[in-house]
Structures are given as structure tokens and as C-alpha cells.
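Presented below is the structure to which this report refers.
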Protein chains: 2
Amino acid sequence: MNTLRAERRGVAHLTCVDVIERPINTLRGMPKRAATRRPPEERRQEIIDTALALADTLGLDRITSRDVATTLGVTSGLIHHYFPTVDDLVVAAFAQTASAQNDQDRQACQSLPPTDALRALIQRSLSMGSANARIWMSAWVAAPRRPDLAREVDKQMIDGLDVLTDLLRRGHDAGVFRVSDPAASALRILVLVDGVLVQVSMRSETTYGDVHALVWDTVEREVGLPLGSLRPENT
Amino acid sequence: MNTLRAERRGVAHLTCVDVIERPINTLRGMPKRAATRRPPEERRQEIIDTALALADTLGLDRITSRDVATTLGVTSGLIHHYFPTVDDLVVAAFAQTASAQNDQDRQACQSLPPTDALRALIQRSLSMGSANARIWMSAWVAAPRRPDLAREVDKQMIDGLDVLTDLLRRGHDAGVFRVSDPAASALRILVLVDGVLVQVSMRSETTYGDVHALVWDTVEREVGLPLGSLRPENT
DNA sequence: ACGTCTATTGAATACCTGCTCAACAAGCAA
DNA sequence: TTGCTTGTTGAGCAGGTATTCAATAGACGT
């Protein structure tokens, strides 16, 4: 972000190269710079993607219309043309990643037998990068101050819980799992995953082996599978 | 915070009562208002407490010298007199709560037999209010942008881990627990607790029963105690 | 070629924020 | 009382931020 701030600080940092490299009509008194006009949906997606990229390092509620604009090479006014409030942008950005993850999980549940689907789900959660972890955590922290975001976070968490609950129930009905209360088991598993997520976001150097083993242990026990039967071989 | 913002917006909201109730020398051209002078350590503590109160709802990195000042009834300049940078205040505030918790745990470990100490530790963690949970989460989120805070968070997490590790080792040596790797077990337990903490901060209405049971189950298993022997009776 | 539509700019407004500093005054010592 | 120390104020500077809006200029249909 320092580079962004520096750029915005004014004209003092402009070198000859900077001036020469941009079209002549940029200069004062001349017609405005040519805008790279784009189809609305495409631009909208660009903005969301940029916002998410910034949120990776800054956290969701540190996103700024100006920062998004300068990284994208446009003006902050344009950002507000697509998202009237920054809040709208934040919610849209979070909704996109979260629902993408849930959709992916849901699809895995439909295309794989219960055991494989569960393995895939847990594996994806455990391998989720620290960037993604930080987006979730910043969403949790920002939620109390942003009602719309809070609503979206709630929705996505419930959605994720539903996906896992359905999977457990399906596995139980198929006789593969043994879960007396699918919803409760799903919640327990997600709590565990959240805990790992926190660790991931804080200490990327720590050895996760033990922590990951804890997750596999607990999940296997929770769904009534023999220990070691769910986790991948190399773990 | 809305009330604070409104107060700060200017004199437009001043009613007759407001003007009359404060000393006459407040008015323009008159000598300054009498300052309630306080011993430095006391004032310093006041500031930290106020900052923590604000952090409960806003998150640690939304703390503002002006907000702290107005809630405390002083000027933002005074805040900077005690804490040159807001960063200093944030770090001091976090360090205070975190170290208080660790000290409390450490004392419990020294004054109680291992099983009781472990029970007390877990119980305190599980009953930690959502406010406290939010302070930890905001610390995790803000850490990447605040090196000093990151250092403090790291220190406090390691400290908490050490307390638990020592307890497990002591219990093992005393023949009460059976833990092959105390540090690894401590980390696993803390991951679990962090996961619960996230849930607490988000959904205060959800039934925690199952989640708490998961923690007790896992901890008992982790330290080699018979199931149900650690948790309090009513759980 | 021409006109319409709208994506995009640039600039302005109003507010918030961290931080500084000279001046003031509360308490204490002599 | 007098003087000194220092907690405290008030005002100000230099930015940062969300948001608005008239004006501009690509793109596209006719």
C-alpha cells in the first residue's frame, strides 16, 4: 500500500518519464485522458477481484475506494459508479469468495461418494491459504460495525453448515457414517476448522502436523469412521 | 460511537443547559476550563481501560485517540501525552488483557492440582465473553499491519501455550495425565478453544452445548483422562 | 457520418485521523 | 506567598476517506 499512498500524494513525485509516458492530452488545460471503456459486468468483476486482492493483506474493512481505483488504474468515482458505498463493495467481495467456496463444496458433495466428499471438504478447508483465512477473520471482526456484511457472513456460515450437514446426513442414510445429530456434528467440525484457520493466519511457520492430525482424528470419530480411514495416506 | 461523532460535530447541538452547566470560564476569550488533574499512573490506567472498552465493540485497530479522549472527557492531546502513538496505546491495551488472562491461568496452575487446574483453564476459556473474543480476533486481524502489536500477540500466544504445556507436563510427571508430547497437546487444545472463540464472537444465540462437549471430549482424550471425568457435572 | 447512451474522469465538499506545540493551571515545595 | 514541575488544554497542520456531480469521450445503433 505504501506505493499507492506515494502515488496519490501529489505531483511532486512525477518524473519526466512519468509525464512523457502518458498521452499528451493528460496535461492541464488539455482534453481529458482517454478512458479504457469496458463492458459493465466485466468492470464490475474487475473491481471485486481487486478489492479481494487488497483484502488479502489489509483485511476486508481496510478496503478503500481510492486504493481499489489506483490499483485498477481508474478513478475512485468509477468505483462508486458500480458500488454506491464501499460497504456495498465489501459485501459483494466477501459474498463472492464465500459463496464460491460453498458452491465448490456443494458440487464435491454431489459428485463424490460421502467419504470422498468429506475428505475433499476437510482437505480444502485445511489447505485454505492464510490470505483466505484473513478475509474470513476480518469479516468476523468488521461484522459488528457493518450490518449488511454481518447479514452476509451469517448467511454464508449457515450455508456452509448446511452443506456439511446434508453430507453427513446422506452418509448416515447410506450407512457409511454413523451420526446421531448431523447438524451438531457439522457445527463441531466447523469449529475445529475455524480454530485451525486462526492458527494458520497467525503463525505460518508452526508445524501443523499435529493440528491437522487433531482435525482428522476428530472428524473420523465424529462420523463413526475407523481412525485413519478418512485422512489421506501421507498425513 | 454515533453519539461520540455527534458530540464532536460542533457547537450546533449545544443547548442552554449545556452552556450553563459547564464553568463560565469555558467560554471564548475566558481562561481555560479547570482540568481534573490526576496522578499519572491512574490516568494512564484510565486511558487503557477506556481503550479496551471501545475495542470491545469496534475492534482494537478502530481505536482512535479522539474517541478515547471524548469518552474519558479529556482532550486527544492528553492521550498522546501518555501514549505518543495510537499504536502504543493499542499494544498496551492488548498486552494488559492478555497478560491478565495468562497470569490468572498461571496462578490457577500453581494453586490447584493438575486436574482441577486444567478444568479451571478450559472453563475460563469457554466462558470468555464475546467482547474478549472480539479483542483477540481484532488483534489477529490487525497484526499484519502493526508490527508492535504482532510481536505482542505472538508473545502472549506463546505465553499461554507455555502455561498449558507446563500444566500438562506437570500432570504427566505426577501420573495424573498421560501425554506423550505436552507442547503438541497444548497446541491442539488451544486450536480447539480458538475455534469456539470464533463461534462465540459471531453467533451468541447458538446452542454451545455440543461445541463445549466437543472441547471437553477432546481435552479429556488428549490428556488421557477417562471421558467425563474432567468436565463439570452440569455439562 | 451523426446522435445517443453511458462509462469514466476530475474536482470539489465535508468529515475524520494522527500528531504537534505553545500556553495554561493544579499541585507541591521552599 | 513565590516559584517550579508537569498534567492538561485548544488550536492547528497535514494528510486520508466517502461521496457527489457536472463534464467528457468511447462505443454503438441508425
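Because the structure is a prediction, the values reported are computed rather than measured. Note on naming: letters A, B, ... go to the chains in the order of the sequence lines (proteins, then strands), and numbering restarts at 1 for each one.
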Handout entry: Shortest non-hydrogen contact from B:Met157 toward A:Gln199
Key = CE-NE2, 3.8 Å
Exercise for the section: Can you see which heavy atom on A:Asn132 is nearest to which on A:Met128, and at what distance? Expected result: CB-CG, 3.3 Å
With a 4.0 Å cutoff (strictly under), does any side-chain N or O of [X] reach OP1 or OP2 of [N]?
X	N	value
A:Tyr82	C:dA7	no
B:Arg43	D:dT8	yes
B:Thr75	D:dT8	no

How close or far is atom [atom2] of [N] from atom [atom1] of [X], stated in whole angstroms?
X	N	atom1	atom2	answer
B:Leu58	C:dT17	CG	C1'	14 Å
B:Phe83	D:dT8	CZ	P	13 Å
B:His80	C:dG18	NE2	C1'	5 Å
B:Arg38	D:dT9	CZ	P	12 Å
A:Ile79	C:dA7	CD1	C1'	12 Å
A:Ile47	C:dA7	CD1	C1'	11 Å
B:Leu54	C:dT17	CG	C1'	15 Å

Pull out every protein N or O sitting under 3.5 Å from an N or O of nucleotides 3-6 of chain D, one pair per line with the distance.
unit_1, atom_1, unit_2, atom_2, d
D:dT6, O2, B:Arg37, NH2, 3.0

Practice task
Could you tell me whether the side chain of A:Val191 reaches within less than 4.5 Å of the side chain of A:Arg188, counting heavy atoms only?
Solution key: no
Practice task
Salt-bridge test for A:Asp61 and A:Arg146: reply yes if a basic N is under 4.0 Å from a carboxylate O, no otherwise.
Solution key: no
Handout entry: Carboxylate-amine/guanidinium contact B:Arg124 B:Asp105, below 4.0 Å
Key = yes
Exercise for the section: Note down the inter-axis angle between the two ends of the helix from C:dA1-D:dT30 to C:dA30-D:dT1, five pairs each, to the nearest 10°. Expected result: 0°
Handout entry: Donor/acceptor link under 3.5 angstrom from A:Arg66 side chain onto base of D:dA18
Key = yes
Handout entry: Listed nucleotide nearest any side-chain atom of B:Thr64, set C:dT9, D:dT8, C:dT17
Key = C:dT17
Handout entry: Donor-acceptor side-chain pairing of A:Gln96 and A:Gln45 below 3.5 angstrom
Key = yes
Fill in the blank from the handout: Checking A:Leu58, A:Leu52, A:Leu89, A:Thr50 against A:Ile63 for side chain to side chain contact (heavy atoms under 4.5 Å, CB included), the one that qualifies is A:Leu89
Exercise for the section: Kindly state each residue pair satisfying ring-ring contact (aromatic ring centres under 6.0 Å, His included) with at least one member in residues 120-159 of chain B, sequence neighbours excluded. Expected result: B:Phe94-B:Trp136, B:Trp136-B:Trp140
Practice task
Identify whether any heavy atom of B:Ile63 sits under 4.0 Å from a base atom; if not, whether one sits that close to sugar-phosphate; answer base, sugar-phosphate or nothing.
Solution key: sugar-phosphate
Practice task
Report which part of the nucleic acid B:Ser76 touches: base, sugar-phosphate, or nothing (heavy-atom distance under 4.0 Å, all strands).
Solution key: base
Exercise for the section: Can you measure from CG (A:Asn102) to CD (A:Gln107) and round to the nearest 0.5 angstrom? Expected result: 13.0 Å
